[in-house]
Amino acid sequence: MTDAKPDNAAERERYYAKVGAKDLSPLWTTTLVPPLPKNHVKSVPHLWDFDNVLRPLLLEAGGLITAKEANRRVLSLENPGLGKPPRILESLYAGLQMILPGECAPAHRHSPSALRFIIEGDGHAWTAVSGEKSYMKPGDFIITPSNTWHDHGHDGEGPFFWMDGLDIPMVATFGPMFFEHYPEDRAPQHRPPGDSLARYGANMRPVNETWSKPESPIFSYPYDRSREALEHLRKNREWDPYDGIRLSYIDPTTGGSAMPTISAFLQLVPKGFKTETYRTTENTVFSPVEGRGRLYVGEGENAKIIEWKPRDIFAVPCWVPYRLEADEDAFLFSFSDRVAQQKLGLWRENRGNA
Ligand code: 1HN
């Protein structure tokens, strides 16, 4: 390549204007496919502080608007490197939602799939998905599959907070965005709480029932059970140098991801453990449940150290190297677009520095 100005520069410019007017552009003047994600990914590693920022601001919103009027009282986490519409990372939406005792977040359904990760509250708030209520406790992971009716309520005391994770940017890329309000505030209940877990969550399944949907038949994955599994494995399985001990939430009928577009994980990084530098094409959102520590993220002039503690939310973009250090036994929830990238043949990871 030469930087010398071609002798027909003016002629070329006239040509570019001419093709532009015909809804065309010369590929040779654009870089559609840069050599590395870092030349293309705009989102940046970032942390949202729950105790000092998210919680007080949501409480303030609680004095300004009801859950019903807002439909959903959610603060969207906007990655500072991305413009509107709000996204936490290129492919993922995340928000922090608060519901107050007696409130109603009315029933609706939409094509984007959602997950809830419970952050704080007394265990008497619930979400109803497809006619089944799940009471929510901190650390629980709950799915709201595409186009399932869902509403939220709170029968207990005090404010109740959870993180919402949705695949909205993926759906937006393809186009099939659908949303409907249910004609009443509450969608009807067809099954008692705990039904889906009883049917599919005991390493058994009803022999006379088929399940062919792309998501898990289990709506709620209680924290106690996931945590207990990690506690067992810390003593009985080698720790992974890049993850510590990490389990993924699965659809028990396939062994694959609980959701078709979003992967979700719970991970234990034992006190004093330092993970080795890891890089993956996946876009990942973390929320520590217990423990505190540091995230070392990025490289060169973009390298940062981010301190995290329980209930914070932090995001690591595609192909940005990172490692974790825990000062106390740390249990971290995370969700990512791994399963979507895998289905498209795009997912890569790099264990090591290369
Ligand atoms: C939604 O429906 C919920 O149902 C939460 O709780 C967050 C963010 C964007 C679009 C729809 C919910 C959402 C959302």
Side-chain angles (χ1 to χ4, degrees), residues 48 50 54-55 57-58 61-62 65-79 82-121 125-138 140-155 159-189 215 219-220 258-259 261-262 264 283 285 287 313 315 333 335 337:
W48 289 262
F50 179 78
L54 291 169
R55 191 179 196 282
L57 287 175
L58 270 165
I65 191 163
T66 63
K68 188 166 170 179
E69 188 195 345
N71 230 299
R72 297 294 187 261
R73 192 195 288 110
V74 176
L75 288 177
S76 300
L77 309 186
E78 295 194 352
N79 192 289
L82 299 172
K84 307 276 180 197
R87 286 174 294 168
I88 188 161
L89 290 164
E90 263 76 359
S91 59
L92 295 168
Y93 170 94
L96 209 281
Q97 182 159 177
M98 183 187 75
I99 188 165
L100 294 170
E103 282 196 320
C104 170
H108 68 205
R109 66 177 176 182
H110 37 70
S111 51
S113 304
L115 65 84
R116 325 274 165 215
F117 188 71
I118 314 311
I119 301 281
E120 183 198 310
W126 48 267
T127 180
V129 179
S130 274
E132 179 181 327
K133 263 186 190 177
S134 294
Y135 281 87
M136 303 186 277
K137 290 222 249 349
D140 293 354
F141 165 67
I142 294 175
I143 65 168
T144 305
S146 178
N147 283 317
T148 52
W149 294 113
H150 54 282
D151 53 307
H152 319 301
H154 187 357
D155 308 332
F160 198 96
F161 301 87
W162 66 83
M163 172 169 68
D164 296 300
L166 289 92
D167 57 8
I168 293 171
M170 299 186 220
V171 180
T173 294
F174 291 110
M177 196 71 81
F178 296 93
F179 180 99
E180 271 175 279
H181 291 287
Y182 193 76
E184 290 151 49
D185 279 356
R186 298 292 186 206
Q189 302 300 302
E215 71 270 0
F219 295 128
S220 173
M259 301 172 70
T261 51
I262 299 180
N283 293 281
V285 176
S287 184
I313 297 171
F333 172 77
F335 71 96
D337 56 8

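Both ligands and their constituent atoms are indexed starting at 1 by order of listing.
Here the side chains of Lys133 and Thr127 are not in contact, with every heavy-atom distance at 4.5 Å or above.
Scored by the side-chain contact (heavy atoms from CB on, under 4.5 Å) test, Arg72 finds Val74, Gln97, Ala105, Pro106, His108, His150, His152 as partners (sequence neighbours excluded). For Lys137, the side-chain hydrogen bond (donor to acceptor under 3.5 Å, both in side chains) test picks out no residue, with sequence neighbours left out.
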Give one line per pair: atom of ligand 1, protein atom, distance. Only N/O to N/O under 3.5 Å.
residue: ligand 1; atom: 2 (O); partner: His108; partner atom: NE2; Å: 2.7
residue: ligand 1; atom: 2 (O); partner: His110; partner atom: NE2; Å: 2.8
residue: ligand 1; atom: 4 (O); partner: Arg72; partner atom: NE; Å: 2.8
residue: ligand 1; atom: 4 (O); partner: Arg72; partner atom: NH2; Å: 3.4
residue: ligand 1; atom: 4 (O); partner: His108; partner atom: NE2; Å: 3.2
residue: ligand 1; atom: 4 (O); partner: Arg116; partner atom: NH2; Å: 3.4
residue: ligand 1; atom: 4 (O); partner: His150; partner atom: NE2; Å: 2.9
residue: ligand 1; atom: 6 (O); partner: Arg72; partner atom: NE; Å: 2.9
residue: ligand 1; atom: 6 (O); partner: Gln97; partner atom: NE2; Å: 3.0
residue: ligand 1; atom: 6 (O); partner: Arg116; partner atom: NH1; Å: 3.3
residue: ligand 1; atom: 6 (O); partner: His152; partner atom: NE2; Å: 2.6

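A distance-only check finds no donor-acceptor pair linking the side chain of Glu69 to the backbone of Ala67 [under 3.5 Å].
For the ring pair (Phe, Tyr, Trp, His ring centres under 6.0 Å) with Phe141, the lone residue among Phe219, Phe333, Trp162 that qualifies is Phe333.
Residue pairs meeting the side chain to side chain donor-acceptor pair (under 3.5 Å) criterion with at least one member in residues 172-182, sequence neighbours excluded, are Arg109-Glu180.
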